[in-house]
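Order of the sequence lines sets the chain letters (A, B, ...), proteins ahead of strands, with each chain counted from 1.
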2 protein chains.
Amino acid sequence: MNISELAQHLGVAVSTVSRVLSGNAEKYRISEQTVRRVQEAAEKFQVVPDPLGAGLRRGKLGMIGLLVPDITNPFFSTMARAIELRFRETGIAVQLCDSAEDTDTELLLLTKLLSRRLDGLILAPVGKVSDGLKKAISDSSMPIVLLDRLLPGIDAPSVSLDNRKAGALAAAHLLDAGHRRLGCLRGDPGAVSDRERIEGVQEVLRERGFESDDLVIAGEGYTREESLAGAEKLLSASDRPDAIISLSGQGVLGVLEVSRRLGLSIPSDFSLLAFDEQPWSALMQPPLTTIAQPIEAMAEKAAALLNVTLKDPKSVGQQESAVFEASLCERESVAKK
Amino acid sequence: MNISELAQHLGVAVSTVSRVLSGNAEKYRISEQTVRRVQEAAEKFQVVPDPLGAGLRRGKLGMIGLLVPDITNPFFSTMARAIELRFRETGIAVQLCDSAEDTDTELLLLTKLLSRRLDGLILAPVGKVSDGLKKAISDSSMPIVLLDRLLPGIDAPSVSLDNRKAGALAAAHLLDAGHRRLGCLRGDPGAVSDRERIEGVQEVLRERGFESDDLVIAGEGYTREESLAGAEKLLSASDRPDAIISLSGQGVLGVLEVSRRLGLSIPSDFSLLAFDEQPWSALMQPPLTTIAQPIEAMAEKAAALLNVTLKDPKSVGQQESAVFEASLCERESVAKK
DNA sequence: TTCGCTGGCGCAAACGTTTGTTCCCTCCTA
DNA sequence: TAGGAGGGAACAAACGTTTGCGCCAGCGAA
């Protein structure tokens, strides 16, 4: 039953029912009695305004999009959950999409989402900017918030980690522990966040007077196979680094697998410092020292930023961007020399 | 730009544009020339039919819902990804919701999804059936496919594991290895799947002449805290079981954490057999012996079942249900006595 | 010339809302 | 008693599609 049938049944106008059900009864001075009658009947017959009709009329759907690179990664799934919860409180639905760390899929999904009349979009990009991506975003008028990995050249409110600082934090910790040769396992070479983390590492190295070839970098992507290949390159080299930083949450699994295969043990053969705290980080042997991101806080900030724009469309572009700080979670995978 | 503006621009009727853009040009005998003209213009101005308008007219949105109990669990996130991929190929969007293993949230989200004019719904329930849930589902005319944990009393096509057999598989493996006292860490006591797995275990125990108190069961839910409490109960008992089966993917983390806290080591102090293969299962110390489910196959089957109903609405209720088999993934967390 | 047929396309209704405007009625005041 | 004020609710347009039906032109046949 829809609201016009309900109206007919009650002998009132559709508009009256609509106003009551969408909470605008007072604004349009519907009498208390009528309000009650309508509400009771709506309750009884389980009538809710069809979001499609409402969306069509209002010009939006009461739904936002969330596009993440890998829902399988606890980092993003935790964020997704937090974001959905925030928006549920506002009565806004969240449509979640997964680009599987693939830029083509990402662009495809993005254009699909942009054409879907959503109220807004939270985008956690794969990380590489293509012209298509840039154009798709700037051509659209949909409010967008960028999350985690930023996109240079695209100005939208964003939520991210201070990656440079996080990289510096990691490097400083390893250097303080007495390590000399560092290895970084990155995800995608094109991804900004990884690049910034590496820059942070390099900065500390430079400050402390190390040579540039005291840092070796490997890794071509975020998938399992690519992580394995990168880890292999780092660990089986003749001049194996004595400490490895995994720049992504997935990478660490690759390092652990290869390390086991090569019969190396942590931290006696090499130290391991992993970005992203995972449910199992503390349960590994040895428990992993990690760089933790304030996941929930970041997710909520992203939701909050988007909400501001939704509530007040004029404020587009006036949003500040939020930068969060990583923290070191010290366990036992880094040796003190 | 919408299709009526495009029509005006081209000097043709909206209906013509609509027919071309929705691929019904032949059916309505639009000339090749007109088709080309429309397509080119649509391409040029980036015009796609508004899904809202279309949805309103058609009575559906081209979108299905997917409700899972915990998107943070790799089991469900892997499924979610597979399902989304399948439907993307059909041009159908997927709206993902997470009930956070909470039945109230589940019911709330379910009613929301049901009122949202979706084409269909894939429901991976928390596992407990409430009257509200039952009523909500049977009152609605939306095609539904049940996934993973079934709901007795609700007849809908479903995809699930042969849980009884999986439980038997687990028990047999442990008994074969010479263990005598078994402990089960379950998730929710009300969940059907866990119950069936336990029944499978009990069956094997009975067949081989064990007493009923050779099996001890603990666990009150799927959250981290509940897992910890359950594991604590099992592991710190004076007559600690010599083998533990974790019935859920989350549970095993609880067992590992408590085990470490108590200074126990696996498999010398107790053996561990965990349901659900995880990315890190093989990387634990010791590598975990697991019961693996064919996640992707199950997800695709669920998508296929729903697709049949979407394509042919008359076939509602004529769907068979699919049952999959678990397999044992032998590693080193089960001792041979 | 008239008729029927067919290819090609336009007309207009319908989907279910929301919301600016109008209308009616009652009550109060002058 | 007339005029105004204001509360309460109905009217109707608009949102962007899809689709059954009808219209028109052209062509071949009678």
Is it true that a side-chain atom of [X] and a backbone atom of [Y] form a donor plus acceptor pair closer than 3.5 Å?
{"X": "Ser22(B)", "Y": "Ser18(B)", "value": "yes"}
{"X": "Thr90(B)", "Y": "Ile92(B)", "value": "no"}
{"X": "Ser140(A)", "Y": "Ala136(A)", "value": "no"}
{"X": "Arg81(A)", "Y": "Asp98(B)", "value": "no"}
{"X": "Ser321(A)", "Y": "Ser158(A)", "value": "yes"}

Problem - Geometric cation-pi criterion, Arg149(B) with Tyr222(B): 6.0 Å, 45° - result: yes

Short heteroatom pairs, N/O only, protein and nucleotides 6-10 of chain D, under 3.5 Å:
from, atom 1, to, atom 2, distance (Å)
dG7(D), OP2, Arg29(A), NH1, 3.2
dG8(D), N7, Arg29(A), NE, 3.4
dG8(D), N7, Arg29(A), NH2, 2.9
dG8(D), O6, Arg29(A), NH2, 3.2
dA9(D), OP1, Ser31(A), OG, 3.2
dA9(D), OP1, Thr34(A), OG1, 2.4
dA9(D), OP2, Ser31(A), N, 2.7
dA9(D), OP2, Ser31(A), OG, 3.3
dA9(D), OP2, Thr34(A), OG1, 3.3
dA10(D), OP2, Ala13(A), N, 2.7
dA10(D), OP2, Thr16(A), OG1, 2.7
dA10(D), N6, Arg19(A), NH2, 2.6

Handout entry: DNA chain C contacts made by residues 47-64 of chain B, counting heavy atoms under 4.0 Å
Key = Leu56(B), Arg57(B)

Exercise for the section: Quickly, which of Ile144(A), Leu123(A), Ile137(A) forms a side-chain contact (heavy atoms from CB on, under 4.5 Å) with Ile154(A)? Name it, please. Expected result: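 Of the listed residues Ile144(A), Leu123(A), Ile137(A), the side-chain contact (heavy atoms from CB on, under 4.5 Å) partner of Ile154(A) is Ile137(A).
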
Does the distance from a Lys or Arg side-chain N to an Asp or Glu carboxylate O, for [X] and [Y], drop under 4.0 Å?
{"X": "Lys44(B)", "Y": "Glu40(B)", "result": "no"}
{"X": "Glu320(B)", "Y": "Lys301(B)", "result": "yes"}
{"X": "Asp131(B)", "Y": "Lys135(B)", "result": "no"}

Completion exercise
Students should find that the nucleotides of DNA chain C closing off the region near chain B, any atom under 4.0 angstrom from a heavy atom, are dG7(C) to dG16(C)

